[in-house]
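Contents: one structure, followed by commentary.
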Amino acid sequence: MTLRRPNRRLVLAAGLAAIAAPSFARSPATMVLDGPAFGTGWAVTLPEQTNAARLRPALEAALARIDGLMSPWRPDSAIGRFNQAQALDPMQIDRELHMVIAAALALRTASAGSYDPSVGPLVRRWGFGPVVGKFAADSPGFELTDDTLRKGHPKLTLDLCGIAKGYALDQMVRTLEHHEVRDFVVDLGGEIAARGHHPSGRGWHVAVEDPRLGAAGAVEVVDLGGRAIATSGDKVNGFTLGARRYSHIIDPGTAEPVLGSAASVSVIADAAMTADGWATALMAAGAAGPALAQQQGVDALFLFNEPAGLRRVAVGRFAEHLL
């Protein structure tokens, strides 16, 4: 597959500082497959008796396929070609791309615009992405049919970062299940999905990292219980200028890095694509994030960096996963 150089904004991550990281010990009872992807890396932890030789080619093929469809860093990807074509003609798209675009557009509606897949040019303006073009909040947007995609303005672009990496993680899970692997945990650039149990019999545990600059260690540990987790924050992908911290998460309403948001937002969902997209949307929603999560039934953990320390706000069923 074509790999992108490491960047402050991961290729398929909408610049997410994916702060959820594995906390389980890699005991002699487990084995690890890993490799590079999307300017970051992936790792699959399995019981040591698993026949892993057949898994790596299948996993790498799935990642390469998605990179070729959805990477905004590649001019030859399907999204790259769509973005470069400054025309209103419909473009034929395949089933997978249609599914992810439909999910992105539905999330834009559900989040009242906090997540917007046309925000790529603003992300680039602030130094975090490759997409050039036009962003207009009042644009007609995109017309999606069963097998075509059409722009409402010739200079509109689509950036599926913030949802496509979650989709890729879901496809890694699907690949493992297709090969009849039942117990595993998959980490793709810090977004994590788990199935089954650790060889010790317990569930797979992951940690939510302290999102404060200069801080290390975990602030919470969760049992995923067969679900997926994604985290958005500015600890890694952001910069400080003067007294202000500039996040890579752009507020489409102000066209600037979001202000007044949590230091990080973690979302647990059945599908990694859902967790990925909502983590981005809730971070971009700023101070309104917890209310939006409550309204939409999202299981989320907000960590606010305040003078007295971290303030935790757990919404939905997130607290049920805390250990």
Side-chain angles (χ1 to χ4, degrees), residues 1-4 6 10-13 16-71 96 100 163-209 218 221-231 266-276 279 321 323:
M1 66 183 295
T2 300
L3 299 177
R4 302 289 108 186
L10 301 180
V11 174
L12 292 181
L16 296 187
I19 299 173
S23 67
F24 47 83
R26 289 175 176 172
S27 69
T30 62
M31 60 179 292
V32 179
L33 290 177
D34 57 18
F38 310 149
T40 180
W42 61 269
V44 180
T45 302
L46 306 149
E48 65 178 354
Q49 69 271 20
T50 306
N51 179 6
R54 61 200 169 97
L55 300 178
R56 181 182 295 278
L59 291 167
E60 291 178 341
L63 292 168
R65 184 184 73 250
I66 295 164
D67 190 51
L69 286 172
M70 304 176 198
S71 172
E96 279 192 291
V100 177
I163 195 168
K165 191 171 74 161
Y167 177 76
L169 180 56
D170 286 331
Q171 295 312 298
M172 294 181 76
V173 169
R174 183 177 180 182
T175 297
L176 291 165
E177 292 178 333
H178 176 74
H179 285 81
E180 299 184 345
V181 182
R182 297 290 177 256
D183 300 299
F184 58 84
V185 61
V186 187
D187 176 355
L188 178 57
E191 296 185 12
I192 302 171
R195 294 292 187 273
H197 298 86
H198 184 275
S200 67
R202 63 168 171 80
W204 296 104
H205 298 167
V206 302
V208 178
E209 187 182 355
V221 177
V222 303
D223 185 333
L224 283 181
R227 305 181 81 198
I229 186 169
T231 299
S266 299
V267 173
I268 294 177
D270 293 337
M273 182 170 67
T274 302
D276 190 6
H321 292 270
L323 295 175

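Note that this is a predicted model, so its numbers are computed, not measured.
- By the 6.0 Å contact criterion, CZ on Arg174 is open, its count of non-hydrogen atoms from other residues, nucleotides or ligands being 12 or less.
- Atom CZ of Arg182 is separated from atom CG of Leu176 by 10.0 Å, given to the nearest 0.5 angstrom.
- When all heavy atoms of Ala164 and Met70 are compared, the closest pair comes out as CB-SD, 3.8 Å.
- To the nearest 0.5 Å, the span separating CD on Glu96 from CZ on Arg65 amounts to 4.0 Å.
- When side chains are defined from C-beta on, Leu55 counts as touching Leu46, because their heavy atoms get closer than 4.5 Å.
- For Ala228 against Ala271, the heavy-atom pair with the smallest separation is CB-C, 4.2 Å.
- Across all their heavy atoms, Ala272 and Leu169 have their closest contact at CB-CD2, 3.6 Å.
- Side-chain N or O atoms of Arg56 include one that pairs as donor or acceptor with a backbone N or O of Asp34 at under 3.5 Å.
- Under the 4.5 Å side-chain criterion, counting only non-hydrogen atoms from C-beta, Asp67 is in contact with Phe38.
- Surrounding CD of Gln49 are more than 12 heavy atoms belonging to other residues, nucleotides or ligands, all under 6.0 Å away.
- When all heavy atoms are compared, the tightest approach of Ala52 to Met31 is CB-CE, 3.4 Å.
- Using a 4.5 Å heavy-atom threshold, the side chains of Leu188 and Leu63 count as touching.
- At distances below 3.5 Å, at least one donor-acceptor pair connects side-chain atoms of Arg195 with backbone N or O atoms of Gly226.
- At distances below 3.5 Å, not a single donor-acceptor pair connects side-chain atoms of Asp183 with backbone N or O atoms of His198.
- Note that CG of Asn51 is 11.5 Å distant from CD of Glu180, once rounded to the nearest 0.5 Å.
- Here the side chains of Phe184 and Val173 are in contact, with some heavy-atom distance below 4.5 Å.
- Remark: Ile229 CD1 to Ile268 CD1 distance equals 4.5 Å, nearest 0.5 Å.
- Side-chain N or O atoms of Lys165 include one that pairs as donor or acceptor with a backbone N or O of Gly189 at under 3.5 Å.
- Using a 4.5 Å heavy-atom cutoff, the side chains of Thr45 and Trp204 are in contact.
- Between the side chain of His179 and the main chain of Val181, no donor-acceptor pair closer than 3.5 Å is present.
- With contacts defined as side-chain heavy-atom distances shorter than 4.5 Å, the pair Glu48/Thr30 does not qualify.
- A pairwise comparison of heavy atoms in Val208 and Ser266 identifies CG1-OG, 3.6 Å as the closest pair.
- Between Asp170 and Met273, the closest heavy-atom pair is OD2-N, 3.0 Å.
- The closest side-chain heavy-atom distance from Leu33 to Trp42 is below 4.5 Å.
- Atoms CD and CE, from Glu177 and Met172 in turn, are 12.5 Å apart once rounded to the nearest 0.5 Å.
- Looking at heavy atoms from C-beta onward, Asp223 lies in side-chain contact with His205 at the 4.5 angstrom threshold.
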